Each structure stands twice: as structure tokens, then as C-alpha cells.
Amino acid sequence: MPELPEVETTRRGIAPALEQQKITAVIVRNKKLRWIVPIEISRDLAGQTVQKVQRRGKYLLLACDTGTVIIHLGMSGSLRILSVAIAANKHDHVDLIFGKQCLRFNDPRRFGCVLWTQKDALLHPLLKNLGPEPLSTAFSGSYLFRCANKRHVPIKNFLMDSSIVVGVGNIYANEALFIAGIHPQQAAGSISLAQFQCLAKTIKEVLRAAIKQGGTTLRNFSNSDGKPGYFKQKLNVYGRGGLACLTCKTILEEIRLGQRSTVYCPQCQILTL
DNA sequence: AAATTCTCCTGAAGGC
DNA sequence: TGCCTTCAGGAGAATT
């Protein structure tokens, strides 16, 4: 599933093919995504130029002449740059046509979205309440410490709350907590400033490393096989429940936290009072 | 307000 | 081999 590193990889992959290019047409084969693809998108976008391809959290923003296309890949979405001559496959729901090329949105589970707004995109209801970017200086241990004050929510849920910080999905929440040595069920408000500083640093490192790896597969995804830059991250805990901790050999435990698979080492990540 | 649960969807994996 | 069931999961909406 696309996490922030993949969305950023996608952004870097499609930006060169789209920026300063004119949209000649829009094809919507299935408008029933997470939200209905607005009918106006076809009429409004034709003739507009994509000025810039940006990212906010896991949202991709195509800044055009009079508005912004807001795209989310959801669980299973991907974007590819293709020749318009290539026939659409199953789950190819939306094409933005640029002459002979197109940006094709494919999403089997349809948890993603393709929206269009002519207002300030950052004030859009989906974007206006987002927390800071994890790779920005605004995101720090002291920031997390302040946000967590008096909150009893498990730290893992807290990290995955997009109003606290964007882009930290299930995989990296698990991984970062393991590396920082914090139990996923630890109440957010009970974590020390020092621990949060470690955690913030860890999150940045893990995301940066993943983006770097996404970059290595960047070449593939925009032309041939259609796999979005899917980094084969070496994961410490995610997907390893019941296996030995790579640090101490203790069997990793797997629990459900907020409907999400949560894996941790009961030895390396001790729950404290 | 804060925390928890529900919901969307379909491919993959497991059971028989 | 094939059909049926279960599960995963981003994140907004609904509920407690």
C-alpha cells in the first residue's frame, strides 16, 4: 500500500512528464471512487496546463491554471504515464490526456480519489486539518510532546492520526516504534520529551531511507511494468508477528490496534506506567 | 473533546 | 481444481 515514500516517489516520477504540459482531455471510466469524481473535471480541465506536481501528506496535487487536481492513492491506487494508444485495463478509472501521453489512475479497491477544486487546495476540507509534514522542521520531538499532552490514546494510533502528522502509515508506525523502543500501546501523554525526540528522529530516518529506496525503482514505474516504485524495505517488525526479533530473538507479538495489525517486540518495547 | 468503531472495496490467501 | 470465507488496510464519518 502506498505510504508517504511511495507517494513521493510517484510524484517525482510523474512530475517531469506533466509539468508545463497541457491537458487536452479527461476520461472518467468509473467515477465511483472513495468520493465521486466530480463531473466538472472534464469540462474544466481541458486546455489547462499543469503548473506543478506537489504532495501534501499522501495527497498528490496537480496545480493547474485555475485550480488543483487532488489525488489520493488509497490502498491500492497507482499512477502511470502511458501512451494514449495503450488500451485501458481493468480498474483504470481515470485518464488525464496530454496529447499523445496520458496520466492513468488505476485503483482496484477504489479507496483512492480524484478530485478537482478551483479554490485554494490547502483549504480543501480534506487538507485543511492536516498536521505537519514529517520531513519538515515543524515536525519534531517537542512538537509531538506538546500534542500528546494529557492524551491517553496509544502512541501508535497517535502517530497515524493525520491531524498530528501526515504520511505515517501502519507500516512505518510499527517500524519507528520498534526502532525507538516504545511499546505501541503506550499512552501518548506518558511519553517523555527525550523519547519523543528519539521517535521524531527515527520517523524521519525511516521515511528518508524508504524514499531513497523508492527512488531506485523510480525508473520502472512510469513506463513499462506498471509497478509503482515499491521499495523492498527491510522491515524489522511489520509482517513478522510470531517470528524472532532481529535484535534480541524474542518472539514478536501481534495485536490489533484500531483495526490495524500491530507488531512489536515485548522485550525491546516495554510498556511503562 | 477524545477515543473507538464503522465503512468503503477487491485481490490474495487459506480451508475444505 | 474450484468455490467459499477471511483478511488487509487509508482515513473520513459516525458513534460512544
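Because the structure is a prediction, the values reported are computed rather than measured. All chains are named by letter (A, B, ...) in the order of the sequence lines, taking the proteins before the strands, and each is independently numbered beginning at 1.
- The main-chain N or O of A:D107 is found under 3.5 Å from a side-chain atom of A:H93 such that the two form a donor-acceptor pair.
- The shortest distance between the side-chain N/O atoms of A:R151 and the OP1/OP2 oxygens of B:dA3 is below 4.0 Å.
- Taking atom CD on A:Q186 and atom P on B:dA3, their separation rounds to 14 Å, with Å as the unit.
- Rounding to whole angstrom units, CG of residue A:L159 and P of C:dG10 are separated by 14 Å.
- Scored by the ring-ring contact (aromatic ring centres under 6.0 Å, His included) test, A:F196 finds no partners at all (sequence neighbours excluded).
- Look at A:K90 and you'll find a side-chain N or O under 4.0 angstrom from OP1 or OP2 of B:dG11.
- The CG atom of A:N89 sits 15 Å away from the C1' atom of B:dG11 (whole-angstrom rounding).
- One can place CZ of A:R110 at 18 Å from P of B:dT7, the figure rounded to the nearest angstrom.
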Nucleic acid footprint by protein, nucleotides 11-16 of chain C - heavy-atom cut-off 4.0 Å, B for base, S for sugar-phosphate alone: BB----
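- Residue A:H91 places none of its side-chain N or O atoms closer than 4.0 Å to OP1 or OP2 of B:dC9.
- Among the nucleotides B:dC9, B:dA3, C:dG10, the one closest to any side-chain atom of A:H152 is B:dA3.
- Taking atom CZ of A:F111 as the reference point, atom C1' of C:dC7 lies 12 Å away to the nearest angstrom.
- Aromatic ring orientation, A:Y264 versus A:H183: tilted (interplanar angle from 30° to 60°).
- Counting any heavy atom pair closer than 4.0 Å across all strands shown, A:S261 reaches sugar-phosphate atoms only and no base atom.
- Distances from the side chain of A:R256 to the nucleotides C:dG10, C:dA8, B:dA3 place C:dA8 closest.
- Put simply, CG on A:D107 is 12 Å from C1' on B:dG11, counting in whole angstrom units.
- Nucleotide B:dT7 holds its P atom 21 Å from the CG atom of A:L33, rounded to whole Å.
- Under 3.5 Å, the side chains of A:S261 and A:E254 contain a donor-acceptor pair of N or O atoms.
- A distance-only check finds no donor-acceptor pair linking the side chain of A:Q48 to the backbone of A:I23 [under 3.5 Å].
- Within the 3.5 Å criterion, the main-chain N or O of A:R260 finds a donor-acceptor partner in the side chain of A:T262.
- Between A:R109 atom CZ and C:dT6 atom C1' the separation is 13 Å, expressed in whole Å.
- A:K156 and A:N170 share a side-chain donor-acceptor pair at under 3.5 Å.
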